[in-house]
2 protein chains.
Amino acid sequence: MDAVRAVERLTRSIEDFNSVFIRLPASDRLSFSALSVLHTLSRLGPCRLSDLVGTEQIKQPALTSAVAKLERDGLIERRPDPCDGRASMLSLTADGQSIVSRRHADRAERLRSLIDRLSPADRTRLLSIAGVLDQIVQLASEHGEKPDERSGK
Amino acid sequence: MDAVRAVERLTRSIEDFNSVFIRLPASDRLSFSALSVLHTLSRLGPCRLSDLVGTEQIKQPALTSAVAKLERDGLIERRPDPCDGRASMLSLTADGQSIVSRRHADRAERLRSLIDRLSPADRTRLLSIAGVLDQIVQLASEHGEKPDERSGK
DNA sequence: GAAACTATATTGATCTTCGATCTAACTCTG
DNA sequence: CAGAGTTAGATCGAAGATCAATATAGTTTC
């Protein structure tokens with residue numbers, strides 16, 4: 001089972017890499033959950049609160065208050081959903097988008113400065129892995145990949 | 001500036017990948033910060049609270065209470081530091097280690113099931129990237145990479 | 001051994017989260 | 001189209017996490 005070993009090893013490397021890459025947020029006076037909401041809205045585009053319940057790792061009441069705070073802070077906007085009187089469509093404001101973009105740019109810049117110090121061969125290998133990662137994401141969204149049902153209850 | 005573009009692209013792919021990979025914890029009734037403390041202790045081995053202040057994204061008082069809770073839960077242990085009467089050495093208990101290991105195993109398993117569906121060539125490319133990631137981590141720890149000083153104040 | 005420093009604990013205020021419930025709006029069935 | 005059931009989201013109260021500021025106790029320096 002050397003294949004298992006290799007995945008093991010990769011998993012560990014990614015875990016360590018993420019300690020560097022994520023550099024757990026803490027910025028902007030926004031909680032981790034709030035940042036995650038902004039990020040999701042940026043990727044998915046406008047969506048409803050209940051869509052976020054599926055993607056975020058917090059429950060609906062917490063999401064309601066997170067969204068309320070983000071709206072007070074002027075980072076997201078809500079407008080009535082024309083198709084469903086109960087729902088609102090949430091979207092990023094320019095300020096909200098700029099926070100997401102800024103964080104993305106910071107990560108890219110840190111990554112760039114590290115990648116610059118790799119050997120040309122390794123640099124090429126790493127940069128060319130993006131497409132494979134995208135495939136993994138694609139596979140994960142196709143396959144079940146439910147929001148982790150096994151947790152107690 | 002196509003190099004910048006490539007890093008840009010990789011950064012985005014990693015961000016998306018991490019949404020799949022991390023699957024924000026939520027497990028075991030432990031907060032994200034508490035899990036991070038366990039993970040760090042597992043990687044660094046026994047260390048003092050002030051060492052964790054450097055690696056974790058929370059401030060010392062929050063760390064004190066996180067550590068207190070983890071100790072109450074029997075996941076970490078503290079014994080007096082023989083060299084310094086003010087400090088204690090913190091270390092994982094068997095239970096604490098097993099939570100870290102379990103989470104690692106879960107991630108590896110999910111990753112394995114996704115990697116299995118890649119083409120053999122892509123699978124090989126992805127698995128072989130571990131060493132490059134390790135180098136990045138190494139580079140980051142050499143270079144300054146301070147705990148993100150630019151945040152206000 | 002007093003002053004300065006360091007490691008951690010405590011305090012009080014604020015924010016986050018959750019479970020349980022509530023309301024309003026939608027959908028269906030007959 | 002009425003009433004039953006369902007869904008989207010809000011609210012409430014309690015528990016936990018976080019922070020800034022400060023307190024305490026051990027250490028080092030001169």
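In what follows, chains are A, B, ... by sequence order, proteins preceding strands, each numbered from 1.
In this structure, CG of L63(B) is placed 9 Å from P of dT18(D), rounded to the nearest angstrom. Protein atom CD of E56(A) is 10 Å distant from nucleotide atom P of dT17(C), rounded to whole Å. Rounded to whole Å, atom C1' of dA8(D) lies 11 Å from atom CG of L90(A). Computed from coordinates, the L35(A) CG to dT16(C) P distance equals 11 Å when rounded to whole Å. One interatomic measurement links the two molecules: NZ of K59(B) to P of dC19(D), which rounds to 5 Å at whole-angstrom precision.
The pair E109(A)-R112(A) counts as a salt bridge, with a side-chain nitrogen and a carboxylate oxygen less than 4.0 angstrom apart. A salt bridge links R125(B) to D122(B): at least one charged side-chain nitrogen sits closer than 4.0 Å to a carboxylate oxygen. Taking 4.0 Å as the cut-off between side-chain N and carboxylate O, D106(A) and R110(A) do not count as a salt-bridged pair. Remark: D2(B) does not engage R9(B) in a salt bridge, criterion side-chain N to carboxylate O under 4.0 Å.
Between the side chains of S13(A) and D134(B), at least one donor N or O lies within less than 3.5 Å of an accepting N or O. Side-chain contact annotation: T64(A) with Q60(A), donor-acceptor N/O pair under 3.5 Å present. Side chain to side chain, H104(A) and E8(B) meet the donor-acceptor criterion of an N or O pair below 3.5 Å. Looking at E56(B) and S36(B), their side chains do bring a donor and an acceptor atom within 3.5 Å of each other. Donor-acceptor pairing under 3.5 Å is recorded for the side chains of S101(B) and Q97(B).
Residue Q135(B) holds its CD atom at 10.0 Å from CD1 of I129(B), rounded to the nearest 0.5 Å.
Of all the residues in residues 70-77 of chain B, not one reaches under 4.0 Å from DNA chain D with any non-hydrogen atom.
Linking ILVMFWY residues whenever their side-chain heavy atoms come closer than 4.5 Å, directly or via other members, places L10(A) and I22(A) in the same cluster.
Terminal axes of the helix from dG1(C)-dC30(D) to dG30(C)-dC1(D) (five pairs each, C1' rotation axis) are separated by 30°, to the nearest 10°.
Between C83(A) and A34(A), the residue anchored closer to the 5' end of DNA chain C is A34(A), taking for each the nucleotide with the nearest heavy atom.
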* Quick one: what's the B/S/- string for nucleotides 1-15 of chain C, heavy-atom cutoff under 4.0 Å, read 5' to 3'? -> -----BSBBB-----

